[in-house]
Amino acid sequence: MINQKWIQNLIWVLSTKATQLLFSIIEKFKPIILPLYKDFFLIKFLGQWVGKFVYLSIIFIVTLGLTAATVKSPSVKIPIFGFHDIIDLQNKADLPPYRRLSDMDYTKQDLEKFIDYLVQKNYWFLSSQDLFIYFINKSQPIPTEHMGQKPVMLTFDDGYKGVHKNGIPILERMEKKYAEKVKFVLFVNPKSLGFDNGKDLPHLSCKDLREGYQKDFYDIQSHGFTHKNLTKIDSKELDVELYFAKLALRKCTNDLDRNKIVAAHIAYPFGAINKRVERKLPKYHLTGFIYDDNFLRVNYLKNQFRISRITVGSRTSPYKLIRLASRASTLKKISKSKKI
């Protein structure tokens, strides 16, 4: 990518040099100009000449400034979709009266249509760590095998059992059909792991997490320990929510997570975040995700703890998701200029 700071420094140097040159010329010709004040014609001629020089110099400097304002690295747009539970329309147990429906449910059938499209079109399914390394921290260059692909991220909040029960079969079919891995980013409240009281929505277990992680289908991240609104609890309780969520998820996956990537990132319960919470985050996490229904525009991201996500609900058709995904940037290799 073009280094914008380098361009700005170059413009500053050129502007300074141009100004210095202008005044040095005026100073050099000062002994000649002053005696000519008595001659109107010469005064008029020199005045016009100096005026034109100053005018052209100003145009040159301003042009460079405008060029700096317009020359920017292309902005990479990444759609990050936020789902919750997955239900199967062909399974009576997932439908009333056996299960209450929610506006945040998404059907297995529509999800499979969407994922099938993404795989066919060769999208890059990002993990949270991929996003951090290659697009936010930029500590490593984007691997060449991903050039020409469009990046996308599929996230699932709250750790519902339906994501595992209905999602894993989709991922396995995609792998069998296309020989491609699809990644789900799960934002989990570990306090609810294995919860199933027969009345409320069941949650996946540690065993489920480990199964998906071992198959390389799951990227497991934090959603707070108990799903409390982090902006409405005191500082001590906030530490508890952040610390114990990370501890519990890493304990569940300890022998599988050698690089300590599990729970390195967080999505905020209810999408709630403020400055007080934000000040705590670097101690526990590398990035944080919000809901604002925007694309992540990498070059314009000012705060890595406020990464945009697009809310997906029961009324969101797979065709709308496809339209949104199609607006993702195609990753292109920046060609280096040849030396003459």
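Being a predicted model, the structure only gives us computed values, none of them experimental.
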Any donor-acceptor pair under 3.5 Å from Thr155 side chain to Phe81 backbone: yes

Step-by-step salt bridge (charged side-chain N to carboxylate O under 4.0 Å, His left out) determination, Lys215 to Glu172: CA-CA 9 Å; Lys215 291 182 177 180; Glu172 289 176 337; 2.7 Å; yes

Ala263 backbone acceptor or donor facing Gln221 side chain under 3.5 Å: yes

Exam field: side chain Glu112 to backbone Ile170, donor-acceptor pair closer than 3.5 Å: no

Check against side-chain hydrogen bond (donor to acceptor under 3.5 Å, both in side chains), Ser128 and Asp219: CA-CA 7 Å; Ser128 52; Asp219 169 24; 2.6 Å; yes

Neighbour count >12 (heavy atoms, 6.0 Å) for atom NZ, Lys181: yes

Derivation and outcome, side chain to side chain contact (heavy atoms under 4.5 Å, CB included), residues Ile86 and Asp105: CA-CA 6 Å; Ile86 305 173; Asp105 292 335; over 6 Å; no

Carboxylate-amine/guanidinium proximity below 4.0 Å for Lys280 and Asp239: yes

Candidate pair Asp196 and Lys161, rule salt bridge (charged side-chain N to carboxylate O under 4.0 Å, His left out), full reasoning: CA-CA 9 Å; Asp196 185 1; Lys161 183 75 172 184; over 6 Å; no

Val188-Leu242 co-clustered via ILVMFWY side chain contacts under 4.5 Å: no

Under 3.5 Å: donor-acceptor pair, side chain of Ser205, backbone of Asp208: yes

Under 3.5 Å: donor-acceptor pair, side chain of Tyr268, backbone of Asn229: no

Minimum heavy-atom distance Ala325-Leu118, with the two atoms named: CB-CD2, 3.8 Å

Side chains of Gln304 and Thr287, donor plus acceptor under 3.5 Å: no

Side chains of His265 and Gln129 in contact at under 4.5 Å (non-hydrogen atoms): yes

For the student: nearest non-hydrogen atoms of Pro79 and Ala328, plus distance: CD-CB, 3.4 Å

Asp257/Lys251 ion pair, N-O < 4.0 Å: no

Closest non-hydrogen atom pair between Phe225 and Ala248, with its separation: CE1-CB, 4.3 Å

Verify same cluster id: Ile133, Leu126 (apolar side-chain graph, 4.5 Å): yes

Partner of Phe184 under ring pair (Phe, Tyr, Trp, His ring centres under 6.0 Å), chosen from Tyr160, Tyr213, Phe217, Phe156: Phe156

Polar side chain donor-acceptor pair, Glu278 to Asn303, under 3.5 angstrom: yes

More than 12 heavy atoms from other groups under 6.0 Å of OH on Tyr243: no

Donor + acceptor pair across side chains of Asn91, Asn166 (<3.5 Å): no

Side-chain (Arg306) to main-chain (Gly288) donor-acceptor, under 3.5 angstrom: no

Under 3.5 Å: donor-acceptor pair, side chain of Lys150, backbone of Ser326: yes

Any side-chain heavy-atom pair of Arg210 and Leu256 under 4.5 Å: yes

Side-chain touch Tyr218/Val185, heavy atoms, less than 4.5 angstrom: no

Asn189 side chain to Lys228 side chain, donor-acceptor N/O pair below 3.5 angstrom: no

Of Lys165, Glu211, His164, the residue whose pairing with Leu204 passes side-chain contact (heavy atoms from CB on, under 4.5 Å): His164

Backbone of Asp88 reached by a side-chain donor or acceptor of Asp94 within 3.5 Å: yes

Side chains of Ser222 and Lys246 in contact at under 4.5 Å (non-hydrogen atoms): no

Under 3.5 Å donor-acceptor, Asn259 side chain and Ile261 backbone: no

Asn197 side chain to Asp200 backbone, donor-acceptor under 3.5 Å: yes

Test log, rule side chain to side chain contact (heavy atoms under 4.5 Å, CB included), inputs Met147 and Lys332: CA-CA 6 Å; Met147 292 302 169; Lys332 297 178 181 179; 5.8 Å; no

Within 45° cone and under 6.0 Å: Lys77 NZ/CZ vs Phe295 ring: yes

Output field: ring centroids Phe187/Phe289 closer than 6.0 Å: yes

Rounded distance (nearest 0.5 Å) linking atom CD of Gln140 with atom CZ of Phe132: 10.5 Å

Sub-4.5 Å side-chain heavy-atom contact between Trp124 and Asp130: yes

Asp293-Thr311 side chain donor-acceptor pair, cut-off 3.5 Å: yes

Closest approach of Pro151 to Ile78 (non-hydrogen atoms, all atoms of both residues): CG-CG1, 3.7 Å

Residue Lys260 excluded, over 12 heavy atoms near NZ under 6.0 Å: yes

Side chain to side chain, Gln149 and Ile142, heavy atoms closer than 4.5 Å: no

Derivation of the side chain to side chain contact (heavy atoms under 4.5 Å, CB included) call for Leu154 and Ile115: CA-CA 9 Å; Leu154 306 181; Ile115 293 176; 4.0 Å; yes

Single hit among Val298, Thr330, Leu296, Leu301 for side-chain contact (heavy atoms from CB on, under 4.5 Å) with Val76: Val298

Crowding at CD, Gln90 (>12 non-hydrogen neighbours, <6.0 Å): no

Closest non-hydrogen atom pair, Ile80 against Ile307: CD1-CG2, 3.7 Å

Sidechain N-carboxylate O distance under 4.0 Å for Arg99, Asp85: yes

Nearest atoms (heavy-atom pairs only) where Asp292 meets Ser308: OD2-OG, 2.8 Å

Polar side chain donor-acceptor pair, Asp116 to Tyr178, under 3.5 angstrom: yes

Donor + acceptor pair across side chains of Glu241, His227 (<3.5 Å): no

Gap between atom CG of Leu171 and atom NZ of Lys176 - 0.5 Å precision: 15.0 Å

Separation between CG of Leu111 and OG1 of Thr316, rounded to the nearest 0.5 Å: 12.0 Å

Any side-chain heavy-atom pair of Pro269 and Leu230 under 4.5 Å: yes

Test item: side-chain donor near acceptor, His223 and Asp158, under 3.5 Å: yes

Atom CZ of Arg276: over 12 foreign heavy atoms under 6.0 Å: yes

Pro96 side chain near Leu101 side chain, heavy-atom distance below 4.5 Å: yes

